[in-house]
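Written below as structure tokens is the structure these notes are about.
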Amino acid sequence: MATAEDLLLNVFEARAPAPKTFFRPLRAQAKRQAEATKRKYHTPSEAPPVKRRSKTPFFTAKKTGVTETRRTLKGKAQKTFSPKKYLAGTSNVNQEEKPCIKSSSLFKNNPEIPELHRPAVKQVQEKVFTSDAFHELDLHPHLISTINTVLKMSSMTSVQKQSIPVLLEGRDALVRSQTGSGKTLAYSIPMVQSLQAMASKIQRSDGPYALVLVPTRELALQSFDTVQKLLKPFTWIVPGVLMGGEKRKSEKARLRKGINILISTPGRLVDHIKSTKNIHFSRIQWLILDEADRILDLGFEKDITVILNAVNAECQKRQNVLLSATLTEGVTWLADISLHNPVNISVLDESHDQSEQKDKAAHEVFHPQTSDKLDSFAIPESLYQHVTLVPSKLRLVCLAAFILQKCKFEKKQKMIVFFSSCELVEFHYNLFLQTLLSSSGAPASGHLPSASTRLKFLRLHGNMEQEERTAVFQEFSHSKTGVLLCTDVAARGLDLPRVTWIVQYNAPSSPAEYIHRIGRTARIGCHGSSLLILAPSEAEYVNSLASHKINISEIKMEDILSVLTRDDCFKRRRWGNQKSRAVGPQEIHERATILQTVFEDYVHSSERRVSWAKKALQSFIRAYATYPREMKHIFHVRSLHLGHVAKSFGLRDAPTNLNVSAMKKKKTNLKRPDLHRKTQRKHCLAEILRSEYSSGVEASIAKVKKQNKRGKPGSQPQQSRTAGLRPAFVMGKK
Ligand SMILES: Nc1ncnc2c1ncn2[C@@H]1O[C@H](COP(=O)(O)OP(=O)(O)OP(=O)(O)O)[C@@H](O)[C@H]1O
């Protein structure tokens, strides 16, 4: 019978050549060792291992070097140690005592961690602030005082200094600048200045004069907040936001009343264009495409063309601005179809003298000149990037140790941890909440009385209700500390103040995504750090980042794990007068093993939790299979050791009967590479990502369609929203 690993490999990699991997010889070795261990400890008096008792149908007892260890509590001979009891305050964990615990041999049979030979590269850097003040600009005095007093800003950032005068002149612009450099104000200040100065005073009932398109709901809210503040002295101009999640009916009502500056996600706006009578664009003066790269990554190009066509049909003369942190081929395409003789503002390239560009841009639309410019990213000087290589089995404890180190033992740390799917976020959020949080108040850590209050977990992903998403976003924004576990829903554009650490637990699928994720820290001149967690087999990714001029230094896994020696929650108690050993690698290994056992015990305390961990594992593998072709040599399902990966989900064994039905479909498609291969991956990834950013109505539409489809057995499946070639576009003249 095929193992789960074989099954998965067959499903995903039917056609791929086998890369050299570490696990095959090690697997045999692990098996031998497990057999030996089994013989050694299997005595009739022993209680059967938990997994044997479990009725979970999905698992077989495939061994991956598991040992059973008897531990005794100090002064209580014969009583067996359970880490759950050992941790104070673990009230939510099943307290039933077990005769013995199973502890993973976490530090055995792992692949060797390779030496990282990272090439030294000179990062592209841009200066964030200038010495120029807002009051030097030709702005309404009330607007200047609002910027100074309400926003509490006095000097401009580089991108603002370059963009605001150009936009005040009425020019179109393509603005490229690093994350967190102040692009929102770069377009909203000139927009508010021009709208408040209109000869005939704007009426609410006039409808939209400006349309701002952003990729996500959170970003829509954030931009709305900024615009609303700027409009404080100009009360007759009404801003509004459309972003899904809210009832369409109430959005329609707000549109009917009148919105002058309309901020929206593309999906939701298209939905209104198609269904709402009260939406018109005849007075549009400004069209802003913010985070253009993200809009395209999410497959919104079709929606954008629908919007551009709708706006062009009613209004030809307006000012267009496109903003992006990265400049890709897609962004250039979008610039071509949406901008008219734009000025190219690129802060990171000093050679782009603005006046020279203005002349140049007066005659042509900007085209990127070299691939180098396309592929290098500006990174704030004050952002320190790190990477750590961690074998799969140790990933979970390593992440937990890092969180504890920063957010329990250090003050004023605020961390975002990125995962590749909603399921992964949910799994880790619940796991940490039930294990780490309850252990953080342990009396053993008495010298850190406020530690438990510092350790706070939040999560954000696209499967959450909009209300909750907004509440979490607000809570984390205003909080001084805390750990936000999230998907890429939070990677772009979100301005979450005072974030000190970005952890990428699952590597991003592109360097651009990497930049956007780390861009949530070190914003606007502040200091920040990032940590990328890679498996040894993924070490090559560091070189791939270096080729994009991304410089990253290594933190050794042992250094991260060593924090556990500071946390007596994970201390093994010893008999009688036995002195505690000096802190060394052995002590670190023991404590990491205790922490892993805490996770495993929690996961295995009910069948529901086991199947929940299994689903998360499945989701991880699915996401792993969607890395683009050019990264497959680094992130390849074949290089995953399922048993080891399972450990990082608190599972003691590699599951065998994973639900592979969805994956089987992929295999069928792979049989027709001529038809599907090229588009499939892109669409699959886009679909996964889109679930994070949907307008909020697709889900219900999809439900209805699904029901209809069930009713019509022969009916064709709906085409993917992102399927097909670039949509037809009617270019409007200014
Ligand atoms: N001139 C300024 N002085 C001080 N703070 C500023 C200034 N301009 C913007 N900021 C602040 O900097 C932060 C980042 O701004 P913003 O979100 O506009 O950056 P961004 O370039 O759009 O980033 P991203 O690419 O991540 O979307 C915000 O908190 C904003 O209030």
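For ligands, and for the atoms within them, numbers begin at 1 and follow the listed sequence.
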Looking at Asp495 and Arg523, does any basic side-chain N land under 4.0 Å from a carboxylate oxygen? yes
Considering only heavy atoms of [X], which atoms of ligand 1 have at least one such atom less than 4.0 Å away?
{"X": "Arg523", "result": "14 (C), 16 (P), 17 (O), 19 (O), 23 (O), 24 (P), 26 (O)"}
{"X": "Thr184", "result": "16 (P), 17 (O), 18 (O), 22 (O)"}
{"X": "Ser181", "result": "19 (O), 20 (P), 21 (O)"}
{"X": "Glu291", "result": "24 (P), 25 (O), 27 (O)"}
{"X": "Arg520", "result": "26 (O)"}

Please determine whether side chain to side chain contact (heavy atoms under 4.5 Å, CB included) holds for the pair Phe635 and Tyr541, giving the CA-CA distance in whole Å, both sets of side-chain angles, and the decisive distance to 0.1 Å. CA-CA 9 Å; Phe635 303 101; Tyr541 190 61; 3.6 Å; yes
Not counting sequence neighbours, which residues clear side-chain hydrogen bond (donor to acceptor under 3.5 Å, both in side chains) with Ser544? List them please. none
Out of Gln222, Lys229, Gln160, Lys183, indicate the one that has the non-hydrogen atom closest to atom 9 (C) of ligand 1. Gln160
Could you tell me whether the side chain of Glu291 and the main chain of Val214 form a donor-acceptor pair under 3.5 Å? no
From the list Ile147, Leu230, Thr146, side-chain contact (heavy atoms from CB on, under 4.5 Å) with Val192 holds only for Leu230
Minimum heavy-atom separation for Lys456 and Glu475, please, with both atom names. NZ-OE2, 4.0 Å
Contact region, Ser177 to ligand 1, non-hydrogen atoms below 4.0 Å, reads neither
Where on Met153 is there a heavy atom closer than 4.0 Å to ligand 1, on the side chain, on the backbone, on both, or on neither? side chain
Looking only at distances, can you tell me whether any N or O atom of Phe134, backbone or side chain, sits closer than 3.5 Å to an N or O atom of ligand 1? no
Taking distance alone, no hydrogens or angles, what donor-acceptor pairs closer than 3.5 Å link side-chain atoms of residues 132-141 to residues at least two apart or in another chain?
| from | atom 1 | to | atom 2 | distance (Å) |
| --- | --- | --- | --- | --- |
| Glu136 | OE2 | Ala133 | N | 3.1 |
| His140 | ND1 | His142 | N | 2.9 |

I'd like to know if Pro497 contacts ligand 1, where contact means a heavy-atom distance under 4.0 Å to any ligand atom. no
